[in-house]
K.L.:
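Quick one: the structure is below, and I'll ask about it shortly.
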There are 2 protein chains.
Amino acid sequence: MSADPSARRGIPDATVARLPEYLRALTGLAERGITSVSSEELAAAAGVRSAKLRKDLSYLGSYGVRGVGYEVDHLAYQISRELGLTQDWPVAIVGMGNLGHALAAYSGFATRGFRVVALLDQDPAIVGQEIAGLAVQPMSELTALVSEQGLAIGVIATPAASAQDVCDALVAAGVRSILNFAPCVLVVPDGVDVRKVDLSTELQILAFHEQRKALASPAALRKAVAP
Amino acid sequence: MSADPSARRGIPDATVARLPEYLRALTGLAERGITSVSSEELAAAAGVRSAKLRKDLSYLGSYGVRGVGYEVDHLAYQISRELGLTQDWPVAIVGMGNLGHALAAYSGFATRGFRVVALLDQDPAIVGQEIAGLAVQPMSELTALVSEQGLAIGVIATPAASAQDVCDALVAAGVRSILNFAPCVLVVPDGVDVRKVDLSTELQILAFHEQRKALASPAALRKAVAP
DNA sequence: TAGATTGTTAATCGATTAACAATC
DNA sequence: TAGATTGTTAATCGATTAACAATC
């Protein structure tokens, strides 16, 4: 319908997952006063190969200059725009245990266009408490938050046992993007995105590799022989 | 050298990353008293397709029975063994801010063979405080923790600015598996594994998809028209 | 112009999926 | 045996990489 570069479709998932890291690397360069960067330098800062970086960026458009490199501010803006970070995303965190508490206080969200507009909990004993400057609200407020605050992203930080109920409530209220910290699989209708962060899964993957290393290293022999 | 099934090599990374989820699903089934499960049922519980599950399990060995399915306890044990969870993994958490605090109190680690043996911080003002039943130790204790407690896995929960220093200290002390919560790229020598959990990266990926949905939905039209 | 670096191509690699022979 | 379900094959799909023509 259009020759506008934003009309291109289908940025690969693997590429989308790396864009935040590129953006962070660019932000770091900008803070150090660097205004121009080559794919080789930026790739090193982001921990990838330069060929991969250039391929990834090519999906967004043609924002570099051959023989010169990329302008840091301009590329950062283009990636921000692609990720949808030039607008403000209201976020609600559900579940005010240790993790929810830490997430509510985490300043890293605010730096990138995310605004924690509400903290909620199913437990009436916790509702009303003030955490990180916000009064904890009951789940019944969800619908109002969606319509009045434009709430679009929900973070689930409850125990696994209540995660599906909380998820259902979020979906019923109209939230279509969910970040799940509970160690369980969530069932959602089509059109709802769930991403999962599982702390103990990550440790288990490390343990697998650590075990392989231990089996192959001299330390394993020492350990096997020692009393 | 051996026909032992444990002699097989090279389980794909994508498969390793799913094994913890299968294990969790199996644990859930066992708790409900279910002793036998088909690949179709287990796949549904783990949120994958049955063909993928069977392919993944085939890398571990042949633990099912044709026409019958898998014995829940036996398969859980085999996955645990493959992941190295039949042994105990001492873990240290470095950085006792909000997130480190929450991680120290997180009970999900202990349930899967991980034991938080030490909490550390670079700030002398925090060293000595008691958190989750452990006294916070200075970084200088790392080497002793590795040799005396067999510390193998380090969790970095510091701000980005100090993460590389902490990482270097962990590596110097002999830690070869690191879980990084700081929003930055860590440089490590060969033989050291780093996995990264980035809370705001996950939100940014959600924002990308949410933006695409908003552009395509009737709600976007309403929003564009409304004052 | 000469040197440098992008954007793209084509080859390779790894992951997913459907289908089905093997076999309980 | 008949029915069910695994383990494996082969095809497809998507991601990565190296190389280089395009071009600043």
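Lettering follows sequence order; numbering is per chain, from 1.
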K.L.:
From C-beta outward on A/Pro12, which listed nucleotide comes closest to its side chain: D/dA15, C/dT16, D/dA18?
P.N.:
D/dA15

K.L.:
State, without any angle test, whether B/Asp56 and B/Tyr22 hold a side-chain donor-acceptor pair at a distance under 3.5 Å.
P.N.:
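Yes, side-chain donor-acceptor contact under 3.5 Å.
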
K.L.:
Over all strands shown, is A/Ala14 touching base, sugar-phosphate only, or nothing at heavy-atom distances under 4.0 angstrom?
P.N.:
sugar-phosphate

K.L.:
Watson-Crick or G-U wobble partner for C/dT12, using a 3.5 Å limit on both distances?
P.N.:
D/dA15

K.L.:
Find the distance B/Lys52:NZ to C/dA18:C1' and express it as a whole number of Å.
P.N.:
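Result: 14 Å.
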
K.L.:
Is there a side-chain contact between A/Arg54 and the phosphate of D/dA19, meaning an N or O under 4.0 Å from OP1 or OP2?
P.N.:
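So the side chain of A/Arg54 is outside the cut-off, no N or O lying under 4.0 Å from OP1 or OP2 of D/dA19.
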
K.L.:
State whether the distance check finds a donor on one side and an acceptor on the other, under 3.5 Å, for side chain B/Arg66 versus base D/dT5.
P.N.:
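Answer no: no donor N or O sits under 3.5 Å from an acceptor.
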
K.L.:
Does D/dG7 have OP1 or OP2 sitting under 4.0 Å from an N or O in the side chain of B/Tyr70?
P.N.:
yes

K.L.:
Could you tell me if B/Ser177 and A/Glu210 have a donor-acceptor pair between their side chains, going purely by distance under 3.5 Å?
P.N.:
yes

K.L.:
Send over the distance from B/Gln78 CD to D/dG7 P, rounded to a whole Å.
P.N.:
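Rounded to whole Å, this separation is 12 Å.
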
K.L.:
Side-chain N or O of A/Tyr63 versus OP1/OP2 of C/dT5: is the shortest distance under 4.0 Å?
P.N.:
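Negative; the distance criterion is not met.
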
K.L.:
Roughly how many Å is it from CD in B/Glu41 to P in D/dA4, rounded to a whole number?
P.N.:
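After rounding, the reported distance stands at 13 Å.
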
K.L.:
Sort out the partner of C/dC20 for me: Watson-Crick or G-U wobble, both distances under 3.5 Å, none otherwise.
P.N.:
D/dG7

K.L.:
Just the rounded figure in Å: distance from P of C/dT16 to CG of B/Asp13.
P.N.:
11 Å

K.L.:
May I ask you to decide if B/Leu83's main-chain N or O and A/Gln204's side chain share a donor-acceptor pair within less than 3.5 Å?
P.N.:
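Between the backbone of B/Leu83 and the side chain of A/Gln204 there is no qualifying donor-acceptor contact (under 3.5 Å).
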
K.L.:
Under a 3.5 Å threshold, yes or no: a donor from one side chain and an acceptor from the other, between A/Arg81 and A/Thr86?
P.N.:
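No, because no side-chain N or O of A/Arg81 sits under 3.5 Å from a partner of the opposite role on A/Thr86.
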
K.L.:
Do A/Gln122 and A/Ser162 come within less than 4.5 Å of each other through their side chains, counting heavy atoms only?
P.N.:
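Touching, per the 4.5 Å side-chain cut-off.
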
K.L.:
Atom CG of B/Leu57 to atom P of C/dA15: distance rounded to whole Å?
P.N.:
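Whole-Å distance recorded here is 16 Å.
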
K.L.:
Apply salt bridge (charged side-chain N to carboxylate O under 4.0 Å, His left out) to A/Glu21 and B/Lys196, showing your working.
P.N.:
CA-CA 11 Å; A/Glu21 194 61 52; B/Lys196 187 176 166 188; 2.5 Å; yes

K.L.:
Between D/dG7 atom C1' and B/Asp56 atom CG, what is the distance in whole Å?
P.N.:
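Going from CG in B/Asp56 over to C1' in D/dG7 covers 13 Å.
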
K.L.:
Within the pair A/Ser39 and C/dT6, is there a side-chain N or O less than 4.0 Å away from OP1 or OP2?
P.N.:
yes

K.L.:
For the side chain of B/Lys55, counting heavy atoms from C-beta on, which of C/dG7, D/dG7, D/dT9 is nearest?
P.N.:
D/dT9

K.L.:
Side chain of B/Ser62 only, please: which of C/dT16, D/dG7, C/dA15 is the nearest?
P.N.:
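That would be D/dG7.
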
K.L.:
Between B/Val65 and A/Val68, name the one whose nearest nucleotide on DNA chain D is closer to the 5' end.
P.N.:
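On the 5' side of the pair lies B/Val65.
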
K.L.:
Nearest to the B/Arg49 side chain among C/dC24, C/dG7, C/dT17, which nucleotide is it?
P.N.:
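From the listed options, C/dT17 comes nearest.
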
K.L.:
Could you state the atom-to-atom distance from CG of A/Leu53 to P of C/dT6 in whole Å?
P.N.:
8 Å

K.L.:
Rounded to whole angstroms, how far apart are CD on B/Glu40 and C1' on C/dA19?
P.N.:
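Spelled out: CD on B/Glu40 to C1' on C/dA19 is 14 Å.
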
